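Below, read A as the first sequence line, B as the second, and so on, with proteins coming before strands; counting in each chain starts at 1. In this text the structure is predicted, and so the values were computed from the model without any measurement.
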Amino acid sequence: MRIFNTLGRTLQTFEPREAGKVAMYVCGATVQSRPHVGHGRYAVVFDVVRRYFEWLGYDVTYVRNITDVDDKIIDAAGEMGVSIQEVVDMADTAFHWAYDQLNVLPPDIEPRATEHVAEMIEMIERLIDRGHAYEANGDVYFIVRSFPDYGSLSGRNIDDLRSGERIEPGEHKRDPLDFAVWKAAKPGEPSWESPWGPGRPGWHIECSAMAHKYLGVGFDIHGGGHDLVFPHHENEIAQAEAAGHVPFVNYWMHNGLLNLSGEKMSKSTGHVIDLVEGIEKYTPGAVRLFYLRTHYRKPVEFSEEALIDARASLDRIWAFRRRVPGPVEDIPLAAAMDSFREAMEDDLDNAGALAVLFDVIREGNRRLDAGEQAVPWVAAYEEIITVLGLAEPAAALDDVADQVASLATDLGLKPVGGESAIAAMIDLRAEARGKKDWATADRIRDGLAAVGIVLEDTPDGVRWHRG
RNA sequence: GGCGACGUGGCCGAGUGGUGAGGCAAGGGUCUGCAAAACCCUGUACCCGGGUUCGAUUCCCGGCGUCGCCUCCA
């Protein structure tokens, strides 16, 4: 597989650190507020990376952290007048609900910063011992100029940086470029004991320490949003490698950001579409497909039209699979799998992979129309849809159970629940159709449509699905 | 100011030095009681100006435009 490595900015052939294994770390959420639509993208993109490697047969260890101690969280708690724990719990719950809805597989390890402070302190001590960090008034700063490779990931020259030109009041940096790896506690803030007094870790050290703990030195892939390249990932490299973990990471992958009205979605500006609301409004599958329509490195413009478009595309995708009920166990069409793999091998060309899926669907539909079984096409569909995580969830009827039941009663049927009620209505409608009683037939179909259940008359019988 | 990305048909979005991926939308047709789904047909696109070339949307140079990072941010 060829991966565009941000480190070096070139397409590189992926060589795992250890044969048959992939160790990857992705920067997850800072649980300071509910997720916005942009946050779903990194989750889905790296979920596909993980699924693809697993599909290839790799043993993947996927670590995605949770930053649960941070200035922003403390600020948010203050503003909302609630405890830090409440902010964390609220945001954490929303993030996980969204991951789950978006069919993002749980990571193998999901470390929380607050549970790894000991490892961070240990790393900071190493940095101080090696002359890469210093304590000042209870803070500890990393000496940027002590790490010659600083800037290699983001392609920056230290002397061109504007960052750190100003020093926040109360900071005691020796050099404006230096950044905090440990922050002395202010009154009322959460803190941990350390050799430098009570305090809390800086954001960047969290990832360096947790990634190293779970994945060791020179692990395979580190991912995150493109906005993390500088300074976060640059700093992660500096800290980890200055502490002796060389190389820190072999491949850096960054997903493009989501724009709204031509501007990046950003928590800090409030220029966002809430992810939970987006999922509820457009459906989880449509949101996931929306992310996957565009190459993962490109910026994407969020728009209502795009989500509606994705929804329609998804309907087409799922409609194909519904034509062939039940599991399919056969060899997938080799030509299609080759094309799919070719696309994915090319720096995870997820958009190209989708095109392959649609080709499979079109030809599969043709075969089905011609009366064939089309099993190789359906099998190919299953493989691709699984890697992309776009499989249609089993139709749940819980939310419309009452409506379905009352509809059945209106039609004079016995009050049976769920699918059997629908089956009974389909039978009743077939009977009516047999007598050319179109009024009754349409009453049933329209009644079900009103609660979101779509009936389709096909040569092979009647199918239904959630609309 | 520094670094970087991008500009493809109504919309979205791949890709390629040589008669146009894919999706959505639209029109026509087949099927169907009607509908839905599906299939078939219909689109000659690649920001502008130079250059290289037999030939450029694809390479090079210069514009213009949009966006990101340089401060917390997926």
| Nearest-angstrom distance from the residue atom CZ of A/Arg64 to P of B/rA74 | 13 Å
| field | Pairwise P distance, B/rU16 and B/rG4 [rounded to whole Å] | value | 22 Å
| Length of the CG-P vector between A/Asn350 and B/rC12, whole Å | 18 Å
| query | Do you see a donor-acceptor pair shorter than 3.5 Å between the side chains of A/Asp89 and A/Gln85? | reply | yes
| note | Taken to the nearest whole Å, CD/A/Glu234 to P/B/rG2 is 20 Å
| field | Proximity of A/Phe219 and A/Phe248 rings by center, below 6.0 Å | value | yes
| Between B/rU58 and B/rA21, how far is it from one C1' atom to the other, in whole Å? | 15 Å
| said: Over all strands shown, is A/Lys72 touching base, sugar-phosphate only, or nothing at heavy-atom distances under 4.0 angstrom? | reply: base
| Interatomic distance, A/His226 NE2 vs B/rC6 P [rounded to whole Å] | 10 Å
| field | Per A/Lys264 side chain, nearest of listed nucleotides B/rG2, B/rG68, B/rG33 | value | B/rG68
| Closest-nucleotide ordering on RNA chain B, the 5'-leading residue of A/Gly155 and A/Ser303 | A/Gly155
| remark: Applying the 3.5 Å cut-off to both distances, the Watson-Crick or G-U partner of B/rU44 turns out to be none
| task | Just name whichever nucleotide pairs with B/rC3, Watson-Crick or G-U, keeping both distances under 3.5 Å, else none. | result | B/rG68
| query | Within the side chain of A/Arg321, is there an N or O that forms a donor-acceptor pair under 3.5 Å with the backbone of A/Val324? | reply | yes
| request: Both distances under 3.5 Å, Watson-Crick or G-U wobble: report the partner of B/rU16, or none. | output: none
| Under 4.0 Å between a side-chain N or O of A/Thr30 and OP1 or OP2 of B/rA74? | yes
| task | Hunt down the Watson-Crick or G-U wobble partner of B/rC24, both distances under 3.5 Å, from any strand shown, or write none. | result | B/rG10
| task | Evaluate whether atom CD of A/Glu372 has more than 12 neighbouring non-hydrogen atoms of other residues, nucleotides or ligands under 6.0 angstrom away. | result | yes
| query | Which is true for A/Ala312 with a 4.0 Å heavy-atom rule: it touches a base, it touches only sugar-phosphate, or it touches nothing? | reply | sugar-phosphate
| Is B/rU57 paired to anything, Watson-Crick or G-U wobble with both distances less than 3.5 Å, and if yes, which nucleotide? | none
| request: Give the B/S/- string for nucleotides 35-45 of chain B, one per nucleotide from 5' to 3', where a protein heavy atom under 4.0 Å of the base yields B, of only the sugar-phosphate yields S, and otherwise -. | output: BBSSSS-----
| note | Separation of B/rG68 atom P from A/Tyr42 atom OH, nearest Å, is 21 Å
| message | Measure CG/A/Asn157 against P/B/rG2 and give the value in whole Å, please. | response | 13 Å
| note | Under a 3.5 Å limit on both distances, the Watson-Crick or wobble mate of B/rU30 is B/rA38
| said: Is the distance between the ring centroids of A/Phe290 and A/Tyr282 under 6.0 Å? | reply: no
| field | Rounded interatomic separation in angstrom, taking CD from A/Glu305 and P from B/rC11 | value | 12 Å
| task | For A/Gly223, answer base if it contacts any base atom (sugar-phosphate contacts may also be present), sugar-phosphate if it contacts only those atoms, and nothing otherwise; contact means non-hydrogen atoms under 4.0 Å. | result | nothing
| field | P gap between B/rC60 and B/rC6, integer Å | value | 12 Å
| request: Determine, for A/Phe46 and A/Arg64, whether the Lys NZ or Arg CZ falls below 6.0 Å from the six-membered ring centre while staying within 45 degrees of the axis. | output: no
| field | Centroid-centroid under 6.0 Å between A/Phe302 and A/His36 rings | value | no
| request: Would you please say whether a donor-acceptor pair under 3.5 Å links the side chains of A/Asp47 and A/Tyr62? | output: no
| query | Across the strands shown, which category fits A/Glu301 at heavy-atom distances under 4.0 angstrom: base, sugar-phosphate, nothing? | reply | nothing
| request: In whole angstrom, give me the gap between the C1' atoms of B/rG27 and B/rC46. | output: 25 Å
| Considering only the P atoms, how many Å lie between B/rU44 and B/rG9, rounded to the nearest integer? | 14 Å
| query | Do A/Asp100 and A/His96 get their side chains close enough for a donor-acceptor pair, meaning under 3.5 Å? | reply | no
| field | Rounded C1' spacing from B/rU57 to B/rG2 in Å | value | 31 Å
| note | The correct set of residues in residues 286-299 of chain A placing a heavy atom under 4.0 Å from RNA chain B is A/Arg293, A/Thr294, A/His295, A/Lys298
| query | Does one side chain, of A/Gln12 or A/Thr10, offer a donor that lies under 3.5 Å from an acceptor on the other? | reply | yes
| task | Return yes if the base of B/rG15 and the side-chain atoms of A/Asp349 contain a donor-acceptor N/O pair under 3.5 Å, otherwise no. | result | no
| message | Distance alone, cut at 3.5 Å: any donor-acceptor contact between the side chains of A/Asp68 and A/Thr114? | response | yes
| note | Of A/Trp438 and A/Asp227, the one whose closest nucleotide on RNA chain B sits nearer the 5' end is A/Trp438
| request: Using the P atom on both, measure B/rC41 against B/rG51 and round to a whole Å. | output: 41 Å
| task | Grab the CZ-P distance between A/Phe230 and B/rC3 for me, whole Å please. | result | 14 Å
| What do you reckon, are the aromatic ring centroids of A/His233 and A/Trp252 less than 6.0 Å apart? | yes
| said: Using the C1' atom as the point on both nucleotides, what is the distance between B/rG15 and B/rA45, in whole Å? | reply: 13 Å
